[in-house]
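Each remark here refers to the structure printed beneath this line.
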Amino acid sequence: MKSASPIVAIVKGERGHEPVFKALDLIDYKQALVGYDKVLIKINFITDKTWDTGATTDPIVVEAIIKKLEDLPVKVYVVESDATITNADKAFEKTGMKEMCNRNGVEWLNLRHVKDKVKLDIPNGEALQSIIVPRLVTESAVISAAKLKTHRNTTVTLGMKNMFGLLPDKFKGKYHMKGISKVVVDINTVLRPALTVIDGFVGMEGNGPIDGTPIQMNLIIAGKDPVATDATAARIMGFNPYEIAHIRKAHEKGLGKSEAQILGEKLETVKRQFKQK
């Protein structure tokens, strides 16, 4: 019988592999990847700033995920697509992610340059009727390796918002004009991450997602339910997830649950109010 509340792991520890290993083990990560032969680790490269600014995914978190996948029969890719202001290939090099991938024999993909694409219709879309993404995305388990940070338009940018970067378009402003919170819900309706791993070794508060202030939290938050994982992370940041439009709407649409069974640290002991711009 399924537990009424999805499990979310909160692990506190110094920057390194161990907290990520522990968080993944607590959520039974292998079960989420059963049936897949390809795994995409979707990182956050909205800028080419390094991990210690709190703006981009820490290569050490991605490396820990890669190491946990080594004994599974899957081919692993680290993926991102160009953003309006960021060349993902340049960010890949500048942030140290390229060196880490090369060291671990893992391929990097800029999704903007993947030719084979498919159209996905979005049932009861909030803002979109369909999206076009690389076919590889639809055939793979996606691990959303997100950052713990604020966002001036969506309050927080965590696992679900990170999935927005799977769209291969460079000029993503058109989606913002349709209402970014609605677009995030639409994308997660048809592209659900198998796992969400939120890098909170160094988060960001204030003027996120790029120009905020780094905030050392020494946390990894992970789960199989994307809504529960984001809701838990939002609570850690001092926000009510029911007041964050894309988390609330995703919960209402049944994309996941906003309440979770927490394993690891108690939420109250790691919670800290993040400043907003």
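None of these values were measured; they are calculated from a predicted model.
- The pair R235-E259 meets the salt-bridge criterion, with a side-chain N (NZ, NE, NH1 or NH2) lying under 4.0 Å from an Asp/Glu carboxylate O.
- Hydrophobic clustering (ILVMFWY, side-chain heavy atoms < 4.5 Å, transitive): V78 and V133 are in distinct clusters.
- At distances below 3.5 Å, at least one donor-acceptor pair connects side-chain atoms of D230 with backbone N or O atoms of G159.
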Is there a side-chain contact (heavy atoms from CB on, under 4.5 Å) between I41 and V106? Walk through the geometry before answering. CA-CA 11 Å; I41 303 175; V106 168; over 6 Å; no
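- Across all non-hydrogen atoms, the minimal contact from A234 to L158 is N-CD1, 4.0 Å.
- Every pair passing salt bridge (charged side-chain N to carboxylate O under 4.0 Å, His left out) that includes a residue from residues 199-221 is listed here, sequence neighbours excluded: K49-D211, K147-D199.
- Note on L219 and V61: separate hydrophobic clusters, where clusters join Ile, Leu, Val, Met, Phe, Trp and Tyr whose side-chain heavy atoms are under 4.5 Å apart, directly or indirectly.
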Show your reasoning for whether side-chain contact (heavy atoms from CB on, under 4.5 Å) applies to E14 and F201. CA-CA 7 Å; E14 295 287 317; F201 284 141; over 6 Å; no
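- A single hydrophobic cluster is not seen to contain both L69 and V79; linkage of ILVMFWY side chains at heavy-atom distances under 4.5 Å, directly or through other members, places them apart.
- Annotation: the span from N162 atom CG to I46 atom CD1 amounts to 10.0 Å, rounded to 0.5 Å.
- A distance-only check finds a donor-acceptor pair linking the side chain of D186 to the backbone of A127 [under 3.5 Å].
- Rounding to the nearest 0.5 Å gives a distance of 10.0 Å between CZ of F92 and CD of E99.
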Given T155 and Q276, is the side-chain contact (heavy atoms from CB on, under 4.5 Å) satisfied, shown in steps? CA-CA 8 Å; T155 309; Q276 288 180 278; 3.4 Å; yes
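- Around atom NZ of K253, more than 12 heavy atoms belonging to other residues, nucleotides or ligands sit under 6.0 Å away.
- Side chain of H246 to backbone of V184: no donor-acceptor contact under 3.5 angstrom is found.
- One distance of note links OG1 of T86 with NZ of K170; it measures 7.0 Å at 0.5 Å rounding.
- Across every non-hydrogen atom of T57 and M97, the tightest pair is O-CE, 3.5 Å.
- Side-chain atoms of K12 and T269 include no donor-acceptor pair closer than 3.5 Å.
- With a 6.0 Å radius and a threshold of 12 heavy atoms from other residues, nucleotides or ligands, E70 has its CD atom above the threshold.
- Partners of D48 by side-chain contact (heavy atoms from CB on, under 4.5 Å), not counting sequence neighbours, listed by chain and number: A91, K94.
- Formation of a donor-acceptor pair under 3.5 Å by the T196 side chain with backbone atoms of P226 is not found in this model.
- Remark: side-chain polar atoms of T84 are paired, donor with acceptor, to backbone N or O of K172 under 3.5 angstrom.
- Nearest heavy-atom pair, M204 versus G212, reported as atom, atom and distance to 0.1 Å: SD-N, 3.4 Å.
- Between L26 and I7 the shortest side-chain heavy-atom distance does not fall below 4.5 Å.
- No donor-acceptor pair under 3.5 Å is formed between the side chain of Y29 and the backbone N or O of A222.
- Of all the heavy atoms in D52 and P214, the pair that sits closest is O-CB, 3.6 Å.
- When every heavy atom of I43 is checked against every heavy atom of E80, the shortest pair comes out as O-OE2, 3.1 Å.
- Atom CZ in R192 sits 10.5 Å away from atom NZ in K224 (nearest 0.5 Å).
- Using modelled atom types, no side-chain atom of K119 and backbone atom of S130 make a donor-acceptor pair closer than 3.5 Å.
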Please determine whether side-chain contact (heavy atoms from CB on, under 4.5 Å) holds for the pair L255 and K249, giving the CA-CA distance in whole Å, both sets of side-chain angles, and the decisive distance to 0.1 Å. CA-CA 9 Å; L255 305 184; K249 181 57 78 170; over 6 Å; no
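- In this structure, E107 and K75 have side chains that are in contact, with non-hydrogen atoms separated by less than 4.5 Å.
- Relative to the ring axis of Y36, K38 does not place its NZ or CZ within 45° and under 6.0 Å from the centre.
- Side-chain N or O atoms of K257 include none that pairs as donor or acceptor with a backbone N or O of A228 at under 3.5 Å.
- Panel note: side chain D116, backbone R135; no donor-acceptor pair is recorded below 3.5 Å.
- Other residues, nucleotides and ligands place more than 12 heavy atoms under 6.0 Å from the NZ atom of K117.
- Looking only at side-chain heavy atoms (C-beta outward), T56 and T47 come within less than 4.5 Å of each other.
- No chain of hydrophobic side-chain contacts below 4.5 Å, direct or via other Ile, Leu, Val, Met, Phe, Trp or Tyr residues, connects L195 to F21.
- Between the side chains of W108 and D89, at least one donor N or O lies within less than 3.5 Å of an accepting N or O.
- Using a 4.5 Å cut-off on side-chain heavy atoms (C-beta onward), D58 and V202 make no contact.
- Within the 4.5 Å cutoff, the side chain of M160 has no heavy atoms near those of the V185 side chain.
- Hydrophobic cluster membership is shared by L109 and M163, with clusters built from Ile, Leu, Val, Met, Phe, Trp and Tyr side chains linked at under 4.5 angstrom.
- By the 4.5 Å heavy-atom criterion applied to side chains, R152 and P209 are counted as neighbours.
- Between E268 and K271 there is no salt bridge, since no side-chain N of the basic residue sits under 4.0 Å from a carboxylate O of the acidic one.
- Nearest approach of P19 to I220, heavy atoms of both residues: CB-CG1, 4.1 Å.
- With K277 contributing its side chain and G206 its backbone, the two residues share no donor-acceptor pair below 3.5 Å.
- Considering CG of N124 and OG1 of T189, their distance stands at 8.5 Å, rounded to 0.5 Å.
- A side-chain contact (heavy atoms from CB on, under 4.5 Å) with S140 holds for exactly one of T138, V137, L136, I143; it is L136.
- Between V190 and P123, some side-chain heavy-atom pair lies under the 4.5 Å cut-off.
- Applying the ring-ring contact (aromatic ring centres under 6.0 Å, His included) test to Y175 and every residue at least two apart in sequence or in another chain returns F164.
- Using a 4.5 Å heavy-atom cutoff, the side chains of S258 and V227 are in contact.
- Between L191 atom CG and S144 atom OG the span is 11.0 Å, to the nearest 0.5 Å.
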